[in-house]
Number of protein chains: 2
Amino acid sequence: MSTEKKVLDFIASSKTNQTHCSTCSLSSLCLPITLQADDLNALEQVIKRGRPIQKGEVLFKQGDDFNAVFAIRTGALKSFTLAQSGEEQITGFHLASELVGLSGYAEDVHSVSAKALETTTVCELPLDKLEILCDEIPDLRKQVMRNMSGEIRQDQQMMLQLSKKSADERLAYFLLELSHRFERRGFSAKAFRLSMSRVDISNYLGLAVETVSRIFTRLQKNGLITIEGKEITHLNLDALNRLAGNPVADTQCDAL
Amino acid sequence: MSTEKKVLDFIASSKTNQTHCSTCSLSSLCLPITLQADDLNALEQVIKRGRPIQKGEVLFKQGDDFNAVFAIRTGALKSFTLAQSGEEQITGFHLASELVGLSGYAEDVHSVSAKALETTTVCELPLDKLEILCDEIPDLRKQVMRNMSGEIRQDQQMMLQLSKKSADERLAYFLLELSHRFERRGFSAKAFRLSMSRVDISNYLGLAVETVSRIFTRLQKNGLITIEGKEITHLNLDALNRLAGNPVADTQCDAL
DNA sequence: TAGAAACATTGACATAGATCAATATAGCTT
DNA sequence: AAGCTATATTGATCTATGTCAATGTTTCTA
């Protein structure tokens, strides 16, 4: 621990030495990586702590020059693209410890906008500096590439959801994904707060708000979740997995 | 040109010095990059030419160890994920000069399968060697990252299509995307062959085959395309752009 | 070159989820 | 704390697209 240190520990609690969440890392996928102390110091020199971003505030906009990526320290963001026709598609929700903005790399401009879902603090990683470090620190390069690759995987999973799954399946998928992400960060898998609105959820899942609302109440009626407003107090993970079409060890599928 | 050389030229005609398609490159986005002659030689040492892959044959499978990525020299591939429930989602079609398999990076196993749509030849880039070169050649690292980032952008565009666009809009989008890619490679934007089946197209676009078939005939009836089987002989690009919801210089939108 | 198998088209009908409309609730602002 | 606005829920319809079924057309295989 004197020569190595988890990157997330650093990101999440910059300048301190807390060691919670030891399975997490810089990666949005929470891949465990470690950096040598020297490398970590180099990275530390480069990170800029931003002021808090208020709910609804924009961190960067689609089309902005791509000159930094951001690691979320606290709070949550959504990112979204705008079609020429004006339609908005939410491409992802981002929680603490995740990296946002990498999709801008290909075109030198951000390909999405990012907006705070609640008061959020981020670390800014200026691109020029990050580039240099990626060439100097192979572990960092790998980690950034893993991040990108993970986002591809995630987006492709979403394509599958959007093109093949029913509304119920999509909502179950959404809840389970969130649940996993909270769990990996050391929080409860069964109780958490939805920082995004119903409209955001429905936009993300390619559904109408009304549909999402109806499904939430139905899921609640059938005992798959307990929810009040944005507060989820209990997820029946097995039942939701069955509903989402994922394999579950025990019993057969008769939820809903 | 003695010290620099387009990478695609190399990939597409390995061991020769052809210089056609000067705007293309290794990237699936056809970003123009160049490598120093020395670097190019280093890359050349690493590339393995594979034997031709026959139509329907699998290049790699979801879950396979991730130990190489592939650059397509000739032909076309589709890549797809399988849900646990068995549903198949095509995540992309890949033409000559594109790079496939990068999404496996995050998990050390391929996250998709790749299958030939026609007889196809590929260059194999063994991962271990590619990794070393990425650390030695910053330009190559950047190019690989641009590739990944571009795939994210592309997948997110697809999410928008799947969740916000009508069947007609999706098909128009699909045709226009293909058209762009052919054009960038120096082929006609208005006439080309669809190497994938209607089933593949419908799977990719999240529609039923019947819907795709119906739309093709309707588009033809309305003069937006001329198509016979897999052979497209004329695309009305302006009208398709209007249909897809893209801005077009002239007249108003009353296609269809 | 015939016959089989895969692929494509077309029509008739069914339905999941969108849309429209009304009401209820939560979160801000002063 | 009252009032305003944004957000959420619920109900009643409507419709784009899926599903089922039948037929036509290519593309393989022997």
Side-chain angles (χ1 to χ4, degrees), chain A residues 54-57 78 87-90 115-119 161-175 193-222 225-232 243 245 256, chain B residues 54-57 78 87-90 115-119 161-175 193-222 225-232 243 245 256:
Chain A
Q54 295 307 312
K55 182 176 175 171
E57 207 177 318
K78 65 176 171 182
E87 293 134 310
E88 196 174 304
Q89 172 65 34
I90 294 179
K115 190 181 274 193
L117 291 170
E118 57 193 60
T119 305
Q161 293 295 319
L162 291 172
S163 100
K164 300 277 159 358
K165 303 289 193 169
S166 71
D168 300 78
E169 290 169 322
R170 287 183 218 178
L171 205 56
Y173 171 83
F174 168 74
L175 291 171
R193 173 164 230 276
L194 298 172
S195 49
M196 68 295 291
S197 69
R198 299 288 195 270
V199 173
D200 283 341
I201 296 172
S202 64
N203 178 302
Y204 180 60
L205 297 176
L207 301 168
V209 212
E210 293 92 332
T211 305
V212 168
S213 197
R214 275 185 253 272
I215 296 175
F216 269 135
T217 44
R218 182 151 41 82
L219 290 179
Q220 170 135 253
K221 221 170 273 172
N222 295 107
I225 63 175
T226 312
I227 187 172
E228 200 189 323
K230 314 207 144 183
E231 221 56 61
I232 291 184
L243 182 53
L256 183 157
Chain B
Q54 294 308 312
K55 181 174 176 173
E57 207 178 318
K78 66 176 172 182
E87 293 135 312
E88 195 175 307
Q89 171 64 36
I90 293 179
K115 189 179 275 192
L117 292 170
E118 58 192 58
T119 305
Q161 294 294 319
L162 291 171
S163 101
K164 300 278 157 358
K165 302 290 193 168
S166 71
D168 300 78
E169 289 169 324
R170 286 183 219 178
L171 203 57
Y173 170 83
F174 168 75
L175 291 172
R193 174 165 230 277
L194 298 171
S195 47
M196 68 294 290
S197 70
R198 301 287 196 270
V199 173
D200 285 340
I201 296 172
S202 65
N203 178 301
Y204 180 60
L205 297 176
L207 301 168
V209 211
E210 294 92 331
T211 305
V212 169
S213 197
R214 275 186 252 273
I215 296 175
F216 269 134
T217 44
R218 182 150 40 81
L219 290 180
Q220 170 135 253
K221 220 170 272 171
N222 295 110
I225 64 176
T226 311
I227 187 173
E228 201 189 322
K230 314 208 143 180
E231 220 57 62
I232 291 185
L243 182 52
L256 183 155

Atom-to-atom span, [atom1] of [X] to [atom2] of [N] - whole angstrom:
| X | N | atom1 | atom2 | result |
| --- | --- | --- | --- | --- |
| B:Leu207 | C:dA16 | CG | C1' | 15 Å |
| A:Asp168 | C:dA16 | CG | P | 10 Å |
| B:Arg198 | C:dT10 | CZ | C1' | 14 Å |
| B:Leu162 | D:dA16 | CG | P | 19 Å |
| B:Gln161 | D:dT17 | CD | C1' | 17 Å |
| B:Phe216 | C:dT10 | CZ | P | 12 Å |
| B:Ile201 | C:dC7 | CD1 | C1' | 12 Å |
| B:Ile215 | C:dA8 | CD1 | P | 15 Å |

Report task. Output every pair passing salt bridge (charged side-chain N to carboxylate O under 4.0 Å, His left out) with a member in residues 193-202 of chain B, not counting sequence neighbours, ordered by first then second residue. Result -> B:Lys78-B:Asp200, B:Arg193-B:Glu231
Query raised in the report: Base, sugar-phosphate, or nothing: which does B:Gly206 touch, judged by heavy atoms less than 4.0 Å apart?
Result: sugar-phosphate
Report task. Remember a base hit wins even if backbone is also touched, and classify A:Val212 as base, sugar-phosphate or nothing at under 4.0 Å, heavy atoms. Result -> nothing
Query raised in the report: Under 4.5 Å between any side-chain heavy atoms of A:Leu205 and A:Thr211, yes or no?
Result: no
Query raised in the report: Does some side-chain heavy atom of A:Leu219 sit less than 4.5 Å from a side-chain heavy atom of A:Ile227?
Result: no
Query raised in the report: A:Glu88: what forms a salt bridge (Lys or Arg N to Asp or Glu O under 4.0 Å) with it, not counting sequence neighbours?
Result: none
Report task. Return the set of residues passing salt bridge (Lys or Arg N to Asp or Glu O under 4.0 Å) with B:Lys115 (not counting sequence neighbours), or none when no residue passes. Result -> none
Query - Note: A:Glu169-A:Lys164 ion pair, threshold 4.0 Å (strictly below) - result: no
Query raised in the report: If you check every side-chain atom of A:Ala167, which of C:dG17, D:dT7, D:dG18 has the closest atom?
Result: C:dG17
Query raised in the report: Considering only C:dG17, D:dA8, C:dT10, which nucleotide approaches the side chain of A:Ser213 most closely?
Result: D:dA8
Query raised in the report: Below 4.0 angstrom from OP1 or OP2 of D:dT10, is there any side-chain N or O of A:Thr217?
Result: yes
Requested in this report: Could you tell me, to 10°, how much the axis swings from one end of the helix from C:dT1-D:dA30 to C:dT30-D:dA1 to the other, five pairs per end?
Outcome: 60°
Query raised in the report: Once each nucleotide of nucleotides 19-30 of chain C is scored for protein heavy atoms under 4.0 Å, what B/S/- sequence comes out, 5' to 3'?
Result: BBB---------
Query raised in the report: So, for A:Ser163 and B:Asn203, which heavy atoms are closest and what is the spacing to 0.1 Å?
Result: OG-O, 3.9 Å
Query raised in the report: Taking atom NZ of A:Lys230 as the centre, does the number of heavy atoms from other residues, nucleotides or ligands within less than 6.0 Å exceed 12?
Result: yes
Query raised in the report: Residues in ring pair (Phe, Tyr, Trp, His ring centres under 6.0 Å) with B:Tyr173, at least two apart?
Result: none
